[in-house]
Amino acid sequence: MNDRQYQTIAILLERLSKSDAMSAYADWIRSTFPSELVTIISGLTHNDLRILDNLSQQDLSVSQVVARVGLSQGGISRRVNVMSKKGIVKKYQNDKNKKTVYLRLTPIGQELVSAHHKLHNHIKEIFFKKTERFYKDEIEIVISFLTAILTK
């Protein structure tokens with residue numbers, strides 16, 4: 001790599017980090033979903049969405065969510081308490097084991113997971129359209145390049 005290439009890549013990566021893609025996604029969210037759902041979505045963190053995504057297939061104990069998401073027990077508990085107060089997640093204990101707290105998505109939680117998946121599909125469609133002119137080998141080079149940059 002030479003200095004000109006480095007400068008070009010640095011500028012492009014900076015532009016990427018400052019791109020207006022997020023506002024385009026926000027516009028799509030606002031135009032696609034009811035305002036009540038948009039309000040709830042806007043208050044969620046990335047970790048909240050990861051928790052909800054893990055609960056989308058089945059009820060899980062808090063410990064299982066910790067293992068799957070990779071946050072601390074306290075971090076999961078704080079996020080679950082916030083989502084519980086918003087009516088997104090329900091906490092419960094089964095009759096056999098009163099010590100273990102389980103989590104279940106409420107109907108609004110299920111709707112949020114569905115909205116999250118729709119957003120990812122929308123982003124994927126845009127990404128595929130913008131990159132369809134490239135050959136598979138070219139995409140692999142980009143993946144290799146980005147991996148090398150992001151590896152410590």
Side-chain angles (χ1 to χ4, degrees), residues 9 12-132 134 136-152:
I9 291 169
L12 289 171
L13 290 174
E14 185 176 344
R15 280 182 53 203
L16 178 63
S17 70
K18 295 178 180 178
S19 74
D20 63 348
M22 293 313 289
S23 65
Y25 301 140
D27 292 344
W28 181 82
I29 289 169
R30 281 191 291 278
S31 68
T32 305
F33 301 108
S35 60
E36 305 82 31
L37 191 62
V38 172
T39 301
I40 294 171
I41 290 172
S42 65
L44 297 179
T45 67
H46 180 72
N47 286 330
D48 293 342
L49 294 172
R50 290 175 57 208
I51 292 167
L52 295 177
D53 201 39
N54 276 279
L55 293 172
S56 68
Q57 301 301 315
Q58 64 187 29
D59 295 2
L60 297 170
S61 69
V62 172
S63 298
Q64 290 171 312
V65 174
V66 167
R68 289 179 180 206
V69 175
L71 294 175
S72 69
Q73 180 90 22
I76 294 290
S77 293
R78 280 190 295 280
R79 298 314 311 157
V80 166
N81 285 337
V82 168
M83 291 188 288
S84 179
K85 287 178 185 170
K86 290 184 175 193
I88 299 169
V89 173
K90 179 175 176 26
K91 297 188 278 186
Y92 69 94
Q93 297 166 316
N94 67 23
D95 293 334
K96 295 177 186 172
N97 181 353
K98 295 287 184 187
K99 285 176 54 177
T100 303
V101 175
Y102 291 91
L103 305 172
R104 170 182 298 142
L105 291 179
T106 64
I108 191 73
Q110 292 168 344
E111 195 173 347
L112 285 170
V113 168
S114 176
H116 184 229
H117 290 166
K118 285 178 186 175
L119 173 61
H120 276 276
N121 288 335
H122 177 70
I123 292 169
K124 185 176 171 180
E125 285 176 28
I126 291 170
F127 204 80
F128 278 23
K129 283 180 184 173
K130 289 186 175 205
T131 59
E132 66 187 7
F134 297 100
K136 180 182 175 191
D137 292 346
E138 292 173 313
I139 299 293
E140 290 300 324
I141 290 169
V142 171
I143 291 168
S144 176
F145 175 79
L146 292 173
T147 301
I149 288 177
L150 296 171
T151 302
K152 292 182 180 182

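Without hydrogens or angle criteria, Ser114 side chain to Gln110 main chain gives no donor-acceptor distance under 3.5 Å. In this structure, the side chain of Ser56 engages the main chain of Asp53 through a donor-acceptor pair within 3.5 Å.
Gln93 CD to Tyr102 OH: the interatomic distance, rounded to the nearest 0.5 Å, is 10.0 Å. To the nearest 0.5 Å, the span separating CD on Glu36 from CD1 on Ile108 amounts to 8.0 Å. Atom-to-atom distance recorded for Leu105:CG and Met83:CE is 8.5 Å, nearest 0.5 angstrom. To the nearest 0.5 Å, atom OG1 of residue Thr106 and atom CD of residue Glu111 are 9.5 Å apart. Note that CD1 of Ile51 is 7.5 Å distant from CZ of Arg79, once rounded to the nearest 0.5 Å.
Taking all atoms of both residues into account, the shortest heavy-atom contact from Arg50 to Gly70 is NH2-N, 4.5 Å. Taking every heavy atom of both residues into account, Ser77 and Val62 meet most closely at OG-CG1, 4.3 Å. Between Thr100 and Ser61, the closest heavy-atom pair is CG2-CB, 3.6 Å.
The shortest distance between side-chain heavy atoms of Val65 and Leu71 does not fall below 4.5 Å. Counting heavy atoms from C-beta on, the side chains of Leu55 and Leu60 come closer than 4.5 Å. Counting heavy atoms from C-beta outward, Ile139 and Thr131 have side chains that approach closer than 4.5 Å. Taking the side chain as every heavy atom from C-beta outward, Val82 and Thr45 never approach each other to under 4.5 Å. Between Ile88 and Leu44, some side-chain heavy-atom pair lies under the 4.5 Å cut-off.
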inquiry  = Ile76 vs Asn47, test: side chain to side chain contact (heavy atoms under 4.5 Å, CB included). Steps then yes/no.
reply    = CA-CA 9 Å; Ile76 294 290; Asn47 286 330; over 6 Å; no
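The side-chain contact (heavy atoms from CB on, under 4.5 Å) test with Tyr92 is passed by exactly one of Asp59, Leu103, Val101: Asp59. Of the residues His117, Lys124, His116, the one that meets the side-chain hydrogen bond (donor to acceptor under 3.5 Å, both in side chains) test with His120 is His116.
When only modelled atom types and interatomic distance are considered, Asn81 and Ser84 share no side-chain donor-acceptor pair under 3.5 Å.
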Could you give the side-chain donor-acceptor pairs of residues 141-152 under 3.5 Å, partners two or more places apart or in another chain?
from, atom 1, to, atom 2, distance (Å)
Thr147, OG1, Ile143, O, 2.7
Thr151, OG1, Thr147, O, 2.5

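Taking a 6.0 Å sphere around NZ of Lys98, one finds it holds more than 12 heavy atoms contributed by other residues, nucleotides or ligands.
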